[in-house]
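Everything on this sheet refers to the single structure shown next.
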Amino acid sequence: MRWKTFIIMSLLLTGYQSVNGQEINFGQYGSAYEINVILGTGDLEFNHQSGGPVISGSGQSSYTYTVDLAEAYAVEIKGIRYLDALVEIDGPDYLFLNGNEACSESTCRIPFTLQAAYSNVGEAQNSPAQAEIISLSGNYANVRFPVLQRQHEPPGLPPPPPTEAFNQSLVEETAVLYLYGTIEVGDVDVGDYFSQITITVTYE
């Protein structure tokens with residue numbers, strides 16, 4: 001059986017546009033209020049547990065590598081605390097050699113299972129330990145949650161329409177979206193494997 005060694009560089013993550021701190025104005029209140037998506041630094045990376053490269057071979061048919069919730073990639077969602085965020089997550093089924101999505105062979109792509117969670121208990125308390133798991137189907141999810149957790153209460157009234165005196169920062173809060181997952185590495189060609197996760201955030 002043929003074995004090859006390769007390195008996973010990263011799983012590229014973008015927001016609605018691939019800019020850190022990208023400002024997104026959409027949804028029912030989008031024309032009046034801002035919702036900001038702030039990407040973390042770096043990428044969602046799969047590395048060997050010892051910190052070295054991911055390697056296939058050594059007499060096994062495949063390896064499973066996991067980034068768990070405690071080590072997840074964090075995306076901040078900053079918006080009006082009274083409102084709900086609608087978050088669409090669309091992940092790939094595979095990581096591709098050099099990002100080439102045209103690849104259809106098992107030797108140039110790696111199966112990827114995406115997982116996600118969110119924490120909305122307040123900027124100072126948000127953490128993976130406080131996170132709610134998001135159910136994904138085929139690496140896709142469309143989930144709604146309040147920017148700031150409510151205690152079994154319906155959504156509050158939206159803030160008053162912006163005026164020259166309106167200061168959104170006074171009614172803002174930050175939720176955190178966590179992305180993590182698993183790859184199944186078999187006999188693949190040497191190289192860097194990566195793909196893109198798309199996140200779209202609007203007010204609901």
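The basis for the numbers below is simple: all heavy atoms, side chains too, and nothing from hydrogens, waters or symmetry mates.
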So the disulfide (SG to SG under 2.5 Å) pairs with at least one residue in residues 79-116 (sequence neighbours excluded) are Cys103-Cys108
Mind checking whether [X] and [Y] have side chains closer than 4.5 Å, heavy atoms only?
X	Y	value
Asn142	Leu86	yes
Val176	Val75	no
Val67	Phe46	yes
Thr200	Val37	no
Tyr82	Val171	yes
Glu173	Glu123	yes
Pro92	Ile197	yes
Thr66	Glu71	no

How far does [atom1] of [X] sit from [atom2] of [Y], to the nearest 0.5 angstrom?
X	Y	atom1	atom2	result
Gln196	Thr198	CD	OG1	4.5 Å
Tyr203	Glu34	OH	CD	8.0 Å
Ile80	Leu170	CD1	CG	10.0 Å
Thr174	Lys78	OG1	NZ	4.5 Å
Ser119	Glu76	OG	CD	11.0 Å
Ser106	Asp189	OG	CG	9.0 Å

[X]: what forms a side chain to side chain contact (heavy atoms under 4.5 Å, CB included) with it, not counting sequence neighbours?
X	result
Glu132	Tyr118
Gln115	Tyr180, Thr182
Ala116	Ile89, Ile134, Leu136, Leu179
Ser137	none

*asked:* Distance to the ring centre below 6.0 angstrom and angle to the axis at most 45 degrees; does that hold for Arg109 and Phe96?
replied: no
Using modelled atom types only, decide if a donor and an acceptor are shared between the side chain of [X] and the backbone of [Y] within a distance under 3.5 Å.
X	Y	value
Asn139	Phe112	yes
Asp43	Glu45	no
Asn120	Leu148	no
Asn126	Val121	yes
Asn98	Asn100	no

From the list Tyr65, Phe194, Tyr193, side chain to side chain contact (heavy atoms under 4.5 Å, CB included) partner of Ile110 resolves to Tyr193
Closest approach of [X] and [Y], non-hydrogen atoms and distance?
X	Y	answer
Ile77	Val147	O-CG1, 4.5 Å
Gln130	Gln125	CG-O, 3.6 Å
Leu95	Ser195	CA-OG, 3.4 Å
Leu39	Tyr73	CB-OH, 3.7 Å
Pro128	Tyr178	N-OH, 3.4 Å

ask   = If we ignore angles and hydrogens, is there a donor and acceptor under 3.5 Å between the side chains of Glu184 and Thr64?
value = yes
ring-ring contact (aromatic ring centres under 6.0 Å, His included) pairs touching residues 121-143, sequence neighbours excluded, are none
